Amino acid sequence: MKRLVANLVNDALASLPELKEAAADLSMESTVERTRDASHGHFSTNVAMRLAKAVRKSPRDIATSIIAALAENDSVEKVEIAGPGFINFYLSPAAFHAVIATILDQGENYGRQAAKSGPKILLEFISANPTGPLHVGHGRLAAYGATIGNLLEATGYPVSREYYVNDAGRQMDILGVSVWLRWQELQGSDVPFPQAGYRGDYIREIAAAIDTAGIANATSEAILDGLPADGVSNDAEEKDAREAYVEALAARAKELLGEENFDRIRQQSIDSILADIEDDLAGFGVKIDTWFSEQSLTRTGRIDDALAVLKERGILYEKDGATWFPATDYGDEKDRVVIRANGVKTYFASDIVYHFDKRERGFDHLIDILGADHHGYVSRVRAGLEAMGYKGDDLEVELVQFVALFRDGEKVAMTTRGGTFVTLRQLREEVGNDAARFYYVSRSNDQHLDFDLDIAKSQSNDNPVFYIQYAHARIASVFRQLADKSLAWDRTNGQDNMAELSESHEKTLMTSLSRYPEVIELSANNRAPQHLVHYLRDLANDFHSWYNAQFFIVDEANQRDARLTLCAATRTVIANGLTILGVSAPESM
RNA sequence: GCGCCCGUAGCUCAGCUGGAUAGAGUACUGCCCUCCGAAGGCAGGGGUCACAAGUUCGAAUCCUGUCGGGCGCGCCA
């Protein structure tokens, strides 16, 4: 609908030689906008004001000539100049009636754009290390990423959702040794658990369940012989001691068990945690197309190959026994190590190759959704892409800020180490999937999120998700009432009698329904699902107001069918919007 | 110290690519069920858009600075 007005203005400008040139670099779509106030019509453009300077004429004079040049259109009822030079468009009732017909014809496709052939988008999100269950912070990444994926798809882009599994490297050894030690405990070992090990209860559960056939118990003496002392606390100054100790333990585990057996324990642990994450996400309505394993990069030698290429091109250099990537040449703050002096490749090395691999797989545009604490890492990955021959701009990063939980007005304390962090699963069980999905995306992603458990749980008007779902359920209820009265909705008759919908609530509602495709596009383009959230809230409000103002199931058939037609269209749009948010649209509550 | 994000009603937050009188929810006050779900609706008060300069016909929005809050700055991930 917005495009219709924009096109009219565009054509008018093109037909005016004195304005054509000055308007050439204005994007017409951007100068036409919905009005905030109904007294300004339905759409407005400020193009006359923006051209005034270039053509040295008053905005109102320019507006007058634009209006004179506008082509006749049945959808446009009235055009007038207002204020300093706005051109306001009043669309005809028939234009809105046509939108209602479109909504009913298109159904779940209303607001969706035709599939585009490209750019092909790879959307990577969550990518939490497989060292434990997802927590509420990951929940925000999951909800945001899933919704962005839905929005991109709705706007026609081919999009693939990917989870990068950091299943290689040091952390996995620590995971393996943690599980092994818990298993040893179950066999009666009294080796104290390392400070830097994974201490959560889920480690014990994995230890109790894994297959250790053929793996012998080790004595405490054999495990601890010659090892350095563990850090005695979690304090920062003890950190080196803690990390050294747990690494030594992992090395010892490999000696005692043999690499193969240790691998078995480690891999089972990873598989178990990944299965849990997968199940958790599926329960949360989050679909992942590809689980991309970091091990697969290591195993196939692609990391070594890529580093060799960079070395050949003379990009990498050696210093202090390590191999460095000159990230500063690409605008990063400092150079970064890719191979440590001890021969271990850093995560950055695999990140370069991973992002290169995404492009090699044919994805044109890469979107990474990351926690805000990863922002320092963006410029170096872009640098890596450039060094590998692609553009840094191919990578778009959306940062998501932290989540704080509130209960009874108090912040819920969460520390990963202390084991008091709240898991996504706990949150889902407590507040429900719908409320959680909705709450997570109701704020701008670059805003810290205060997640109020009491509001999310409340089944009342305090909770916007219920308010919107209630509007949907209420419409379903109207149709049930209709059937109870042995009446039926005649859609054709309704559409033939749309002129019956002349009351202000009805006009407001129709205007809102016509906005939906624009809201989807705006939300998708700005990676900003909160626009859709606010829109749905407003739409539900428009419906509830109308519901309270008028009775729908009236005796007069033409009026009844017309009103039910509007109800049906509203139901469709609410359902479409909620679906994109990953929230259910219930028939009753 | 340097970099990124944020600062809008008592509270939680929207506000697009600069436009017309600054928006919701919540809380507070009062009203509306003989009627399709009151899990709803209507009305009211509540603001120096952190602060200061600047660009512009026009700034909550763009630029610069100051103050306040969060995060990041490893041969960790």
Side-chain angles (χ1 to χ4, degrees), chain A residues 26-27 29-31 33-37 39-40 44-46 49-50 52-53 58-59 82-86 88 129 131 166 169-171 239 243 319-324 333-334 336-348 351 371-379 399 401-402 406 409 442-450 452 455 458-464 466-467 469-471 473-482 484-485 518-519 521-523 525-526 528 530-531 533-535 537-538 540-541 543-554 563-564 567 588-589:
Chain A
L26 284 179
S27 159
E29 191 97 7
S30 73
T31 75
E33 54 185 26
R34 293 272 177 174
T35 56
R36 252 183 301 177
D37 192 327
S39 68
H40 296 140
S44 171
T45 176
N46 60 3
M49 282 133 76
R50 293 172 69 161
K53 198 170 193 180
S58 84
F86 292 103
N88 292 339
N129 289 347
T131 56
N166 283 119
R170 199 181 90 96
Q171 293 302 321
K239 194 168 180 183
E243 299 298 334
K319 195 181 88 179
D320 303 332
T323 305
W324 294 71
E333 294 169 7
K334 50 182 80 170
R336 310 287 173 178
V337 169
V338 286
I339 305 174
R340 287 159 49 182
N342 65 6
V344 176
K345 288 176 276 284
T346 63
Y347 268 30
F348 175 48
D351 284 336
D373 53 334
H374 284 71
H375 74 79
Y377 141 119
V378 177
S379 50
L399 297 174
Q401 295 289 337
F402 293 154
F406 284 79
S442 63
R443 305 278 187 272
S444 161
N445 59 298
D446 49 24
Q447 191 80 235
H448 291 261
L449 178 67
D450 288 343
D452 190 320
I455 290 177
S458 78
Q459 313 242 326
S460 73
N461 55 345
D462 293 347
N463 190 346
F466 281 92
Y467 181 89
Q469 288 179 316
Y470 178 47
R474 219 176 196 182
I475 294 170
S477 175
V478 168
F479 281 94
R480 283 194 295 271
Q481 288 290 329
L482 187 73
D484 287 350
K485 293 180 181 176
E518 295 157 30
V519 172
E521 185 158 16
L522 176 73
S523 303
N525 290 346
N526 292 300
Q530 77 272 14
H531 291 307
V533 168
H534 288 278
Y535 166 81
R537 211 269 157 204
D538 289 344
N541 182 37
F543 176 76
H544 286 308
S545 294
W546 179 43
Y547 182 94
N548 275 272
Q550 288 198 333
F551 199 69
F552 304 156
I553 307 178
V554 292
R563 288 177 181 174
L564 291 171
C567 279
S588 67
M589 305 171 64

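Since we're looking at a predicted model, the values are computed, not measured.
- Contact annotation for A:S588: base contact, defined as any heavy-atom pair under 4.0 Å involving a base atom.
- Residue A:H534 is classed as a sugar-phosphate contact, given heavy-atom separations below 4.0 Å to backbone atoms only.
- B:U55 sits 34 Å from B:C73 when the C1' atoms are compared, rounded to a whole Å.
- Nearest nucleotide to the A:D320 side chain, out of B:A24, B:C5, B:C75: B:C75.
- When the C1' atom is compared between B:G65 and B:A9, the two are found 28 Å apart, to the nearest whole Å.
- Annotation: side chain to side chain donor-acceptor pair (under 3.5 Å) contacts of A:T346 (sequence neighbours excluded): none.
- Rounded to whole angstrom, the span from the CG atom of A:D446 across to the C1' atom of B:C13 amounts to 13 Å.
- Within 4.0 Å of A:S44, counting heavy atoms only, lies at least one base atom of the nucleic acid.
- Computed from coordinates, the A:E333 CD to B:G74 P distance equals 9 Å when rounded to whole Å.
- Taking the side chain of A:V478 as heavy atoms from C-beta on, and the options B:G41, B:A38, B:C36, the nearest nucleotide is B:C36.
- Residue contacts shown for A:N88 include a base, since a base heavy atom lies under 4.0 Å away.
- At whole-Å resolution of the value, CG in A:N541 and C1' in B:A24 are 9 Å apart.
- Of the candidate nucleotides B:C35, B:C75, B:G74, B:G74 has the atom nearest to the side chain of A:K334.
- Checking B:C36, B:G72, B:G15 against every side-chain atom of A:D373, the shortest atom distance belongs to B:G72.
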Between N or O atoms, less than 3.5 Å apart, protein on one side and nucleotides 57-61 of chain B on the other: list the pairs.
| from | atom 1 | to | atom 2 | distance (Å) |
| --- | --- | --- | --- | --- |
| B:C57 | OP1 | A:K53 | NZ | 3.4 |

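- The A:L522 side chain lies nearest to B:C16 when the options are B:G3, B:C36, B:C16.
- Of all nucleotides listed (B:C75, B:C36, B:G15), B:C36 comes nearest to the side chain of A:S477.
- Ranking B:A14, B:G19, B:C16 by closeness to the A:F86 side chain, first place goes to B:G19.
- If you take CG of A:L399 and P of B:C5, they are 9 Å apart, rounded to a whole angstrom.
- Between B:G72, B:G70, B:G40, one nucleotide has an atom nearer to the side chain of A:H448 than all others, and that is B:G70.
- Distance check on atom P: B:C11 versus B:C51 gives 15 Å, rounded to whole Å.
- Protein atom CD of A:Q171 is 14 Å distant from nucleotide atom C1' of B:G74, rounded to whole Å.
- Legend: residues meeting side chain to side chain contact (heavy atoms under 4.5 Å, CB included) with A:R170, ordered by chain and number and at least two apart, are A:I174, A:E243, A:E247.
- Distance from the side chain of A:D37 is smallest to B:U21 among B:G40, B:U21, B:C71.
- For the P atom pair drawn from B:G58 and B:G7, the interatomic distance equals 25 Å after rounding to whole Å.
- A distance of about 15 Å separates the P atoms of B:G54 and B:A60, rounded to the whole Å.
- Nucleotides B:A22 and B:C63 place their C1' atoms 23 Å apart, quoted to the nearest Å.
- Spacing between atom CZ of A:R537 and atom P of B:G40 amounts to 9 Å, rounded to whole angstrom units.
- A donor-acceptor contact under 3.5 angstrom links the side chains of A:S44 and A:N88, judged on distance only.
- Nucleotides B:U12 and B:U17, compared at atom P, are 26 Å apart to the nearest Å.
- Within 4.0 Å of A:Q550, counting heavy atoms only, lies at least one base atom of the nucleic acid.
- Note on ring orientation: taking the six-membered ring where Trp is involved, the planes of A:F543 and A:W546 are perpendicular (angle over 60°, cut-offs 30° and 60°).
- Between the side chains of A:T35 and A:D37, not a single donor N or O lies within less than 3.5 Å of an accepting N or O.
- Among the atoms of the strands shown, none is found under 4.0 Å from any heavy atom of A:A471.
- Taking atom CG on A:N463 and atom C1' on B:G40, their separation rounds to 15 Å, with Å as the unit.
- Across all strands, A:F402 comes closer than 4.0 Å only to sugar-phosphate atoms, never to a base (heavy-atom distances).
- Nearest nucleotide to the side chain of A:A341, out of B:C75, B:U12, B:G15: B:C75.
- The separation of B:G44 from B:C6, taken at their P atoms, amounts to 34 Å, rounded to a whole angstrom.
- A straight line from CE of A:M589 to P of B:C36 spans 19 Å, rounded to a whole angstrom.
- If you check every strand for non-hydrogen atoms under 4.0 Å, A:A82 touches a base.
- Residue-level contact check: A:H375 touches the bases, meaning some heavy atom is under 4.0 Å from a base atom.
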